[in-house]
Amino acid sequence: MTVGSVTSDQRAILNRRHFLVGCAACVGCSMSANADSEIFTPEAFGASGDGKTDDTDAFVALSQHLNKSGGGTVLLRRATYIVGKQALGGKNRSYRPSPILDFQKCSRPVSIVGNGAVLRAAPGLRFGTFDPSTGRPFEHAMPFYEPKGRASPYEAMINIERCSGSIAISDLELDGNLGALQIGGKWGNRGWQIGGSGIRLVGNSGPERIERVYVHHHPLDGLLILGAEDRTTSTLISDVVSEYNGRQGCTVSSGRNYNFERCRFSRTGKGGLQSAPGAGVDIEAGHSKIRDLRFSGCEFSDNDGVGVVADTGNSAGALFDDCRFIGTTRWSAWPDKPLFRFVNCLFVGSLAHPKGDADPLRAAQFSGCRFRDDPSLSPTGQVYGGTGKSRPIVLAPSGRNIMFAKCDFTLTAAAVLPFTNRNVIYSDCTMSQRSPELAHPNGTFIGTNRIDGNVDLSRSAVKGELVVNGRSRVGNDAQDSNS
């Protein structure tokens, strides 16, 4: 069955996409049933897509019909759809948002084929707390949890919740239009902890695939993931750019088996509104745990908060392969959770508090990584080095069994070598700094390591060969200061 007028060209697009993604090999593809799947267009429900008319009601009607069918394909055209409505009312006199694309409990595949479409938040929507009598922003002491006057422009532009069928979203721009929103007082424990994300995935048990989505200028998160703890399927998020959002580029609050490829999470908190943590990606377990994350070829750059932060809740197990962490105004990364692995990654700006553990397998491990403080590698020319005078490129004063293997620390500006202790392991690493400040890259050195610069290694152990400023030490139990 087809809902609305679907042209032969649109059908050809669906069939061509089905062929290109190679459904036989694509576990997350929901296009394999195109021939029988219901196709929903917003135009069939009254949308204009002219960039001026509010099309929210059309998307609400589309969502209702798709939910009744248990799934289907949403086919958009290369157009700009204005979305987002609020209604003041209810017992608490709050500004309640309308849903937009809202899919619940679908047992069949759900696919959103964007074709370059833009969903843009309507100007003038409210975000924050307001006096319902006057409509003016309501400022108050924090924390603040009163529902009266609370305003959200939308929970999420795309909300997909408790679906067992596969999910696919592709070729779409989600514009939160942050600069055109009315900003009220803060709500929550700090900042604005109110709905307003681009994509929200909640408790879905089926496979998910998000490709080529540009999500930006949302007052909360670009992506918000609250996955099912016991899910056996996986999610692939590829070629997604999430930037200029208020709280996070992406929040992972629960779930497992999430794979990110070639994504960029940048400039969080730099689009006109900032809520803590302001991270590129926040891995923060809430009521259930987080496991098995993988980031490949991703970038976390120029965020108001940390590039990637993991320091709260029951989170463990993340692999970062060939990723770039660029800290301009805050730490490049803060991975204070077990079983985090970094392979062939670039860190520009200081890394703070990698996880140490009595069990070496649970401690953070860095293999083949490069650490730099070169301003030319920063999009702004700024490189964050912490708040102290010495600006260590790694801050891990109490980390146990943290491993740096075949890593290269080449510091040519103001940063100094890592501030670590004897329990950190360096294997076959190369280190140099230009700064005259005294550094303390203490550790247990195995294999062959080379250090050039003003360093104090008096709390170190040498199990292999350590060459410091051209002087070789072999098997010494401790090192003197090397200034």
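Any value given below was found using the heavy atoms of this structure, including those in side chains, with hydrogens, waters and symmetry copies removed. FYI, the numbering just counts along the sequence from 1.
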Report task. Applying side-chain contact (heavy atoms from CB on, under 4.5 Å), name anything that partners Asn314, two or more places apart in sequence or on another chain. Result -> Lys289, Arg291

Query raised in the report: Is there a side-chain contact between Arg372 and Asp408 (heavy atoms, below 4.5 Å)?
Result: yes

**Report entry** Worked verdict on Glu43 versus Tyr81 for side-chain hydrogen bond (donor to acceptor under 3.5 Å, both in side chains)
**Finding:** CA-CA 10 Å; Glu43 287 76 13; Tyr81 301 92; 2.7 Å; yes

Query - Chi angles and distances behind the ring-ring contact (aromatic ring centres under 6.0 Å, His included) call for His217, Tyr244 - result: CA-CA 5 Å; His217 288 94; Tyr244 293 111; 4.8 Å; yes

**Report entry** Under the side-chain contact (heavy atoms from CB on, under 4.5 Å) test, residues paired with Val74 that sit two or more places apart
**Finding:** Leu62, Leu66, Leu76, Phe103, Ile112

**Report entry** Residues which pass side-chain contact (heavy atoms from CB on, under 4.5 Å) with Ala276, listed by chain and number, not counting sequence neighbours
**Finding:** Arg190

**Report entry** side-chain contact (heavy atoms from CB on, under 4.5 Å) assessment of Leu101 paired with Leu119
**Finding:** CA-CA 10 Å; Leu101 284 172; Leu119 271 64; 4.2 Å; yes

Requested in this report: Could you check whether the rings of His218 and Tyr154 sit parallel, tilted or perpendicular, using 30° and 60° as the cut-offs?
Outcome: perpendicular

Requested in this report: Please round to the nearest 0.5 Å and tell me the distance separating atom CD1 of Ile326 and atom OG1 of Thr328.
Outcome: 9.0 Å

Query raised in the report: Can you list the steps and then say if Glu229 with His287 is a side-chain contact (heavy atoms from CB on, under 4.5 Å)?
Result: CA-CA 10 Å; Glu229 179 180 333; His287 296 297; over 6 Å; no

**Report entry** Pairs where residues 319-337 contributes a residue and the test salt bridge (charged side-chain N to carboxylate O under 4.0 Å, His left out) is met, not counting sequence neighbours
**Finding:** Arg294-Asp321, Glu299-Arg324

**Report entry** Candidates Ile225, Leu226, Leu224, Ile160 - the one meeting side chain to side chain contact (heavy atoms under 4.5 Å, CB included) with Val202
**Finding:** Leu226

Requested in this report: In sequence, state the C-alpha distance, the side-chain angles, and the governing distance for Arg256 and Arg231, and then conclude on side-chain contact (heavy atoms from CB on, under 4.5 Å).
Outcome: CA-CA 7 Å; Arg256 65 189 313 138; Arg231 72 192 300 250; 3.8 Å; yes

Report task. Check the pair Asn259, Ser234 against side-chain contact (heavy atoms from CB on, under 4.5 Å), reporting the backbone distance first and the verdict last. Result -> CA-CA 8 Å; Asn259 302 293; Ser234 64; 4.1 Å; yes

Requested in this report: Mind checking ring-ring contact (aromatic ring centres under 6.0 Å, His included) for Phe342 and listing every partner two or more places apart, or none if nothing turns up?
Outcome: Phe320, Phe325, Phe347, Phe366

Query raised in the report: Quick one: does His353's side chain get under 4.5 Å of Trp331's, heavy atoms only?
Result: no

**Report entry** Heavy-atom check, side chain of Val348 versus side chain of Asp374, under 4.5 Å
**Finding:** no

Query raised in the report: Looking at side-chain heavy atoms only, is the closest gap between Pro354 and Pro335 below 4.5 Å?
Result: yes

Query raised in the report: Mind checking whether His65 and Glu38 have side chains closer than 4.5 Å, heavy atoms only?
Result: no

Report task. Test Asp239 against Arg262 for salt bridge (charged side-chain N to carboxylate O under 4.0 Å, His left out), laying out the working first. Result -> CA-CA 5 Å; Asp239 302 293; Arg262 300 178 303 279; 2.9 Å; yes

Report task. From the options Asp282, Asn245, Asp221, select the one residue that forms a side-chain hydrogen bond (donor to acceptor under 3.5 Å, both in side chains) with Thr251. Result -> Asp221

Query raised in the report: Taking side chain as C-beta onward, heavy atoms only, is Tyr258 less than 4.5 Å from Glu208?
Result: yes

Requested in this report: Report yes if some heavy atom in the side chain of Asn177 is under 4.5 Å from a heavy atom in the side chain of Pro123; otherwise report no.
Outcome: yes

Query raised in the report: Should Trp192 and Ile183 count as side-chain neighbours, where that means a heavy-atom distance under 4.5 Å?
Result: yes

Requested in this report: Scan for salt bridge (charged side-chain N to carboxylate O under 4.0 Å, His left out) pairs involving residues 51-65, sequence neighbours excluded, and state none if there are none.
Outcome: Asp57-Lys85

